[in-house]
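First comes the structure, then the notes that go with it.
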Amino acid sequence: MPELPEVEVSRLGIKPHITEQVVNKVLIHNARLRWPVPDEVKTIETLKITNVRRRAKYLLLDTEIGSVILHLGMSGHLRIVPIEEPLKKHDHVEFHFANGKALRLNDARRFGACLWQAPDCDHTLFSKLGPEPLTDDFTAVHLYERSRGKKVAIKQFIMDNHVVVGVGNIYANESLFKAGIHPQKESGKVSLKRFQLLTPIIKDTLAAAIEQGGTTLKDFSQSDGKPGYFAQQLLVYGRKGQPCMSCETILQEVRLGQRSTIFCSQCQK
């Protein structure tokens with residue numbers, strides 16, 4: 001599943017091609033995605049896209065009358081192609097622009113979404129989301145206060161979108177290792193001092209992944225179009241049974257919330 005950095009790189013990739021461009025046509029080839037594609041999506045025809053934003057793993061294409069919300073689901077991706085390029089299998093929704101380009105949502109498993117948000121209000125999907133991790137709203141004090149009395153493991157706590165959005169499995173593993181916090185530690189027992197260490201590490205880890213993903217931006221104007229998971233230098237994720245890069249202890253794996261969790265028993269307490 002695309003995580004926050006992949007979705008942010010998708011935003012950066014499509015934004016230069018469609019911002020301030022007039023939408024000539026909206027074509028819905030298959031409205032049966034995770035939720036039915038609403039008719040309001042077509043109302044942006046003849047209007048300009050004024051901005052391309054991200055909230056959690058959702059992308060918003062803003063116009064003067066509202067916003068189209070796009071979600072990539074498990075396997076979806078966006079690509080920018082010439083309007084005349086033939087459709088590919090699983091191209092479900094496309095937007096034609098006055099500059100001769102098309103934005104297409106391709107989603108083989110149809111867990112993605114194309115929804116509508118009226119102006120000056122938040123979609124119900126956003127109503128209970130926590131702060132964005134790369135903003136000033138995401139602080140150590142926020143994590144500390146939200147964690148008091150919680151017995152849930154710290155890794156599951158920071159992956160909870162009600163607490164903070166977009167800290168997916170890869171980045172939770174990496175951040176906790178860098179902070180020296182055992183992923184199974186009860187979140188309610190993590191001190192403010194340790195949250196003050198963890199919070200900037202989460203921010204830096206996500207920002208570094210987005211920066212690395214920038215090298216894939218050229219893909220958005222090619223026919224395959226998807227950046228996928230970009231090559232990263234990961235310290236623990238995917239390295240079960242290999243030596244820790246800090247102390248050479250063999251890395252272990254447990255399952256937390258049915259997700260692979262890799263850690264060093266010596267470096268993380």
Worksheet item: Is Lys57 salt-bridged to Glu6, cutoff N-O under 4.0 Å?
Response: no

Practice prompt. For residues Phe157 and Leu143, report the shortest heavy-atom separation together with the two atoms involved.
Written response: CZ-O, 3.6 Å

Worksheet item: Closest heavy-atom contact between Glu174 and Leu235?
Response: OE1-N, 2.7 Å

Worksheet item: Got a second to check how far Lys48's NZ is from Asp62's CG, nearest 0.5 Å?
Response: 14.5 Å

Item to complete: Let me see the working for Thr50 and Glu20 under side-chain hydrogen bond (donor to acceptor under 3.5 Å, both in side chains), right down to the final yes or no.
Response: CA-CA 5 Å; Thr50 57; Glu20 295 302 315; 6.0 Å; no

Discussion item. For the backbone of Ile181 and the side chain of Gln268, can you confirm whether one donor and one acceptor N or O come within less than 3.5 Å of each other?
Written reply: yes

Show the atom names and distances, to 0.1 Å, of all donor-acceptor pairs under 3.5 Å that link a side chain in residues 32-46 to residues at least two apart or in another chain.
residue : atom : partner : partner atom : Å
Thr43   : OG1  : Glu40   : O            : 2.5
Glu45   : OE2  : Val26   : N            : 2.8

Worksheet item: Ala102 and Glu94: which non-hydrogen atoms are nearest, and at how many Å?
Response: CB-OE1, 4.1 Å

Discussion item. Working to the nearest 0.5 angstrom, can you tell me the gap between Thr261 OG1 and Tyr237 OH?
Written reply: 9.5 Å

Worksheet entry | Glu8 side-chain N/O to Leu12 backbone N/O, donor-acceptor pair under 3.5 Å | no

Discussion item. Looking at Glu248, I'd like to know if its CD atom is crowded, meaning that more than 12 non-hydrogen atoms belonging to other residues, nucleotides or ligands lie closer than 6.0 Å.
Written reply: no

Worksheet, complete the sentence: dist Leu134:CG -> Arg54:CZ (nearest 0.5 Å) comes out at 6.5 Å

Worksheet item: Do other residues, nucleotides or ligands put more than 12 heavy atoms under 6.0 Å from the NZ atom of Lys269?
Response: yes

Worksheet item: Can you name the nearest heavy-atom pair linking Asn173 to Lys155, along with the distance?
Response: ND2-CE, 3.4 Å

Discussion item. Grouping I, L, V, M, F, W and Y whenever their side-chain heavy atoms are under 4.5 Å apart, do Ile170 and Ile210 come out in a common cluster?
Written reply: yes

Discussion item. Check whether Glu132 reaches the backbone of Ala56 with its side chain - one donor and one acceptor, N or O, closer than 3.5 Å.
Written reply: yes

Worksheet entry | Side chain Asn99, main chain His17, donor-acceptor under 3.5 Å | yes

Discussion item. I'd like to know if the side chain of Lys150 reaches the main chain of Arg146, judged simply by a donor and an acceptor atom lying under 3.5 Å from each other, with no hydrogens or angles considered.
Written reply: yes

Practice prompt. Could you tell me whether the side chain of Thr199 and the main chain of Gln196 form a donor-acceptor pair under 3.5 Å?
Written response: no

Response to the item:
Looking only at heavy atoms, the pair that brings Ser10 and Leu72 closest together is OG-CD1, 4.0 Å

Worksheet, complete the sentence: dist His182:NE2 -> Phe177:CZ (nearest 0.5 Å) comes out at 12.5 Å

Discussion item. If hydrophobic clusters are built from ILVMFWY residues whose side chains come within less than 4.5 Å, do Ile202 and Val236 share one?
Written reply: no

Worksheet item: Of the non-hydrogen atoms in Ser246 and Cys267, which two are nearest, and what is the gap between them?
Response: CB-SG, 3.9 Å

Worksheet item: Are any side-chain N or O atoms of Arg239 and backbone N or O atoms of Pro243, one a donor and one an acceptor, separated by less than 3.5 Å?
Response: yes

Discussion item. I want to check something: taking the side chain as every heavy atom from C-beta on, are Glu3 and Asn169 in contact at a cut-off of under 4.5 Å?
Written reply: yes

Worksheet item: Short question: side chain of His92, backbone of Asp107 - any donor-acceptor pair under 3.5 Å?
Response: yes

Worksheet entry | Rounded distance [0.5 Å steps], SG in Cys114 versus CD1 in Ile69 | 9.0 Å

Practice prompt. List in chain and number order the residues that pass side-chain contact (heavy atoms from CB on, under 4.5 Å) with Leu47, two or more places apart in sequence or in another chain; answer none if no residue qualifies.
Written response: Thr63, Glu64, Ile65

Practice prompt. Quick one: which residue pairs count as a ring-ring contact (aromatic ring centres under 6.0 Å, His included) with a foot in residues 116-144, not counting sequence neighbours?
Written response: Tyr58-Phe126

Worksheet item: Side chains of Phe97 and Ile49: closer than 4.5 Å at any heavy-atom pair?
Response: yes

Worksheet item: Can you check whether His29 reaches Leu87 side chain to side chain, under 4.5 Å on heavy atoms?
Response: yes

Discussion item. Looking at Val152, is its backbone amide N or carbonyl O close enough to the side chain of Ser187 to form a donor-acceptor pair, meaning the two atoms are under 3.5 Å apart?
Written reply: yes

Worksheet item: Taking Lys151 for the side chain and Gly188 for the main chain, is one N or O donor matched with an acceptor at less than 3.5 Å?
Response: no

Worksheet item: Counting only heavy atoms not in Lys240, do more than 12 fall under 6.0 Å of its NZ?
Response: no

Item to complete: Go through Val68 and Leu70 one step at a time and tell me if the side-chain contact (heavy atoms from CB on, under 4.5 Å) criterion holds.
Response: CA-CA 7 Å; Val68 174; Leu70 299 175; 4.0 Å; yes

Discussion item. To the closest 0.5 Å, what do you measure between CG (Leu176) and CD1 (Ile201)?
Written reply: 9.0 Å

